Amino acid sequence: MDEKYFPKKVEQKWQKKWVESGAFEAEIDDTKPKFYQLEMLPYPSGNLHMGHVRNYTAGDVVAWYKRLKGFNVLHPIGWDSFGQPAEDAAIKRGVNPREWTENNIVAMRGKLERLGLSFDWRRQMAAHRPEYYKFDQWFFLKMYEMGLAYKKATQVNWCEHDQATLSNEQASGGLCWRCGNSVTKKNLEQWFLKTTAYADELIDGLAPIEADWPPAVVKRQRDWIGRSEGAYVDFAVRVPPSDVIAADGGMQNLIRVFTTRIDTIYGVNAIVIAAEHPIAEEFKSWFASEVAAKIGAMRAEKLKPTDYETEVEKDGIDTGLKAVNPFSGEELPVWVGNYVMMEYGTGAVMSVPGHDERDFEFAKKFGLPIKKVIESIESVESDESIESTNPRDSIDSQDSAFTDYGVMINSAEWTGKSTVDAKKEMAVFAAENGFGETAVTYRLRDWGVSRQRFWGSPIPIIYCDKCGVVPEKYENLPVALPENAPLTGTGESPLARVPEFFETKCPTCDGPAHRETDTMDTFIDSSWYFFRYTDPTNPVLPFSEDVAAYWTPVDQYIGGDDHAVMHLIYTRFWTKVMRDIGLVKFDEPVKRLLTQGMVVGETFFDDETGKRVYHTPENVVTTRDAKGKITDAKSTDGKLLKHAIERMSKSKGNGVDPDEMVEIYGADAARLFVMFAAPIEHELVWNEAGIEGAVRFLQRVWRLVGKWKDALAQPATPAGESSEHTRALRRKTHQTIKRVTDSLESLQFNTPVAALMELTNAISDFEVEPSGASEDERHSVREALTGLVLMLMPFAPHVAEEIYSVLLGNEEGMVANGARFPEFDAGLAKAEGVEIPVQVNGKLRSRITASPEAANEDLEAMAFADAKIAELVAGKDVVKVVVVPGRLVNIVVRG
RNA sequence: GCCGAGGUGGCGAAAUUGGCAGACGCACUAGACUUAGGAUCUAGCGUCGAAAGACGUGCGAGUUCGAGUCUCGCCCUCGGCACCA
């Protein structure tokens, strides 16, 4: 053992040993409980950033802990290797996307290996390889057969900056998930997967896993799916002046609205439809010219980039059409309104300004009547009776709508009922009378998966002039990407310019046909990748049902919360589809989810040009306030700089390359520090200074072992009678085992490191010279050191292996030894004499030392016997004495 | 605007869930060893105070023998959503 700890030497040695012994290669083993530890797969950009280090280290800690606890652990990694960056690199630098991707994978794998992450590399998958994307296509065909994949013309989300279509999830907030620019709409024919078919299941399936998923993710998924329960109501359309029913008859003369508040229907003042509503199209020629013009303008407005900063002002126009309220028979105007969305519900609403904020605003603006039909329970109770209440037809004077539930007024035979009851009854009434039904709508839309991109999995569909849309045959999969395609980034499908690719024969009639030239959204790849790890080379199926049945579902998943409504909804959807195909027998893919906070760094920009400035102590000078926040930043040549906190990466110039950190401080110190620096779910503002502390800690452990190793080489068994200081050390050891075990079980990674540091300090403070140590002393130090090292293994595996082999006196490490996590002994951890605080009137005044089992009366007597307490209590009335056994004594006095 | 999370030393944070606030670490201060210190060791380090002591977990109330923790009201910060009928 070297005098000093040289991380590089130790790390290279053990990484090599692990590879040679296949230490992390997991196979099905029915003699052990299985544990599937998964982290979100990286995009192979070629570079590692601190966010990766945090994510994969946390996963590695869990994987190691579970292995040491006797589980058969599957801990795989792969590559989300399809997608835009490879295509961008190809366009910008003329490289081949395949080569670029493969090279990056090699580079990035090396960086991950140097961190000593315990992955089973044999199982890695890469989305861009035909043996993987073949099964994206396999699934697509299955979904096509099941009626879950369909094509339709639609307005899609379009990012002008990236020249790319986006699913609703990827355009959340009206901004592109990748580049953050505003999203516009574009008309395209596009393939969809019917996620809405599973909307109820996607909501209801959250309940059983809720306790083990972060509340924020569960909530965002619920909101995203957005189930709301209400009713459809049909309003007949009349065309003035002669009350002509629309010529087509049938459904065309009805406007169907969706409402969650049918109980407010006597307060309807108008029907408001979206500009894209079919009625608006049907009566186009009937409308006055200014109405038609306005509708056209409103449609165009909706295609503009979405600006969520400024609130859109309500706008609309009376179409001149009339609609009849089926409950009251009242005739109402039909308006077109910009606040009604064609995509949600039926694209038409009944406007109730008295009880809906948006309708209220709309009515105010256009001077429409506002009628009150619901009163709060309090105001009804204070009024004498509902009958005698003079109906207030207008609440124009009020400045907001009353949106709560309450009691019905001005609502014919429903008056006086509670709105909660009326809501149910009125929907039933509407259904019985043929003008409505109870209904549930969702915010969730189907998943648009077509991408006009090259670097993705081709959609395995063929268009034949004779047979129409024909799915490719399973035996012809994969539909392989051609080696070369003209990549222009113009938003046209590159595959449409490769005749060798799209010219084909119809699988049904063998006639001339052409292939779909769009590729799939890359989120398809990541929807099922972790099932492929279980059976990575299966040539005929995505994975075998039996193999997956052993390993899946995932026991612990760790990744960023930025995927709360993208990846994590898609993969839940995919799992339910796989269940219906018969590949898996469960509903939810992930038992327990942990979302780690981002690692961010300070970024600087040139104030004038907006260009990034690399942040090194040499070129940026900052002044900071008391909280350490930057108040002012300048470059060394005097230019004013803007600053921001951004996700850390080398390309943003706000952070180190983890590889450099490993080079300087070692992988163990880097891992340890990242785990220790902040709770895993918090955002971590990167500050490199702290890593020195991790290095110091490991050096300290190393020196301690160096100091004791010769003495510990001699045999030592615990003596029957031991002295106080050895019992104290054993106590600390076992208390630490409990703390570390509990922390890791609850996925806390910062507090166990602190506990290990405390144990190290305790061993350090054990004031016995190793050469003169008794057998008993040697035994307690051995127990403390081996315990320390075993518990350190998940965080700093290389140095732990080295120290463990030193303590064992041979070259074997923990892996080779089948080492186990230390077991907690409650008896040994129990304190003998504890310091018990004594309070007088709730204020700490003294401490007494007693056995933790001391009886309440004894503690009380000891407290009163304490000189200081006696003095404070003297001459006063003791009102009460509170004794918490083993914890505290509080004496309440008066006078 | 609505929803969610949170506010504890100079900084990152602990606090067995109502029982010694600030563990552990970073930064800092003083000292020792040293040719040297960005190594190591020792001591200190919430605020005021010479000390005794007093005060102290965003602010204000409340419950309790006792509140960082529970209740109510307010302020602030950070995230999410974007007219979802």
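For clarity, every value in this text was computed on a predicted model and none was experimentally measured. A note on names: the letters A, B, ... follow the listed sequences, proteins ahead of strands, and every chain is numbered from 1.
Following rounding to the nearest Å, A:F360 (CZ) and B:C83 (C1') show an atom-to-atom distance of 16 Å. Per the geometry, CD belonging to A:E692 stands 9 Å off P belonging to B:U40, to the nearest Å. The CZ-C1' distance, from A:F749 to B:A13, rounds to 17 Å in whole Å. Distance A:Q748 CD to B:C24 C1': 14 Å, rounded to the nearest Å. The CG atom of A:L759 sits 13 Å away from the P atom of B:C24 (whole-angstrom rounding). Between the P atom of B:G19 and the CG atom of A:N856 lies a distance of 17 Å, rounded to the nearest Å. What separates CG of A:L888 from P of B:A67 is a distance of 12 Å, to the nearest Å. With rounding to whole Å, A:L175 atom CG is found 15 Å from B:G79 atom C1'.
Contact check, A:N841 against B:G66: no side-chain N or O comes under 4.0 Å of OP1 or OP2. Within the structure, every side-chain polar atom (N or O) of A:R739 is placed at least 4.0 Å from both OP1 and OP2 of B:A23. Between A:N761 and B:G25, a side-chain N or O to OP1/OP2 separation shorter than 4.0 Å is present. When the side-chain nitrogen and oxygen atoms of A:R222 are compared with OP1 and OP2 of B:G80, none of them lie within a distance under 4.0 Å. Taking 4.0 angstrom as the limit, A:H682 places none of its side-chain polar atoms (N or O) nearer than this to OP1 or OP2 of B:G12. Within the 4.0 Å cut-off from OP1 or OP2 of B:C41, at least one side-chain nitrogen or oxygen of A:R700 is found.
The listed nucleotides are B:C81, B:C65, B:A13; the one nearest the side chain of A:R220 is B:C81. Set against B:G19, B:A15, B:G53, the side chain of A:V882 has B:G19 as its closest nucleotide. Which of B:G53, B:C83, B:A14 sits closest to the side chain of A:P679 comes down to B:A14. Checked against B:A14, B:G12, B:U40, the side chain of A:F676 finds its nearest nucleotide in B:G12. Side-chain proximity of A:M341 to the nucleotides B:A85, B:A14, B:G19 is greatest for B:A85.
The neighbour count for A:K738 NZ, taken as heavy atoms of other residues, nucleotides or ligands under 6.0 Å away, does not exceed 12.
The separation of B:C65 from B:C75, taken at their C1' atoms, amounts to 31 Å, rounded to a whole angstrom.
Base contact: A:R443 has a heavy atom under 4.0 Å from a base atom. If you check every strand for non-hydrogen atoms under 4.0 Å, A:D359 touches nothing. Residue contacts for A:E343: at a heavy-atom cut-off of 4.0 Å it reaches no nucleic acid atom on any strand shown. As judged by a 4.0 angstrom heavy-atom cut-off over every strand, A:V879 is placed among residues making no nucleic acid contact. Contact annotation for A:R227: no contact, since no heavy-atom pair falls under 4.0 Å across all strands. No contact: A:D561 has no heavy atom under 4.0 Å from any strand. If you check every strand for non-hydrogen atoms under 4.0 Å, A:R696 touches sugar and phosphate atoms only. Within 4.0 Å (heavy atoms only), A:G693 reaches sugar-phosphate atoms of the nucleic acid but no base atom. A:V892 comes within contact range of the sugar-phosphate backbone alone, with a heavy-atom separation under 4.0 Å but no base atom that close. If you check every strand for non-hydrogen atoms under 4.0 Å, A:S172 touches sugar and phosphate atoms only. Within 4.0 Å of A:M757, counting heavy atoms only, lie sugar-phosphate atoms of the nucleic acid but no base atom.
In this model, no donor atom of one side chain and acceptor atom of the other lie less than 3.5 Å apart for A:Y266 and A:K371. Using a 3.5 Å distance cut-off with no hydrogens or angles, the side chains of A:Y442 and A:D200 do pair a donor with an acceptor. No hydrogens or angles considered: nothing links the side chains of A:N338 and A:K314 as a donor-acceptor pair under 3.5 Å. Counted by atom type alone, A:D263 and A:Y405 present zero donor-acceptor pairs between their side chains at under 3.5 Å. With hydrogens and angles left out, the side-chain atoms of A:Y232 and A:T441 include no donor and acceptor closer than 3.5 Å.
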Check: protein-nucleotides 1-6 of chain B nitrogen or oxygen pairs below 3.5 Å:
residue	atom	partner	partner atom	Å
B:C3	O2'	A:K219	NZ	2.7

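With its glycosidic angle within 90° of 0, B:U17 is assigned syn. The glycosidic torsion of B:G25 lies more than 90° away from 0, placing the base in the anti range.
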For RNA chain B, the dot-bracket notation using Watson-Crick and G-U wobble pairs below 3.5 Å, [ ] for pseudoknot-type crossings and | for other-strand pairs, is (((((((..(((......[....))).(((((.......))))).(((....)))..(((((..]....))))))))))))....
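Aromatic rings of A:F327 and A:F435 (six-membered ring for Trp) have centroids within the 6.0 Å cut-off, being under it.
The residue among A:M342 and A:A694 whose nearest nucleotide of RNA chain B is located toward the 5' end is A:A694. Checking A:V565 against A:G345, the closest nucleotide of RNA chain B that is more toward the 5' end is the one next to A:V565.
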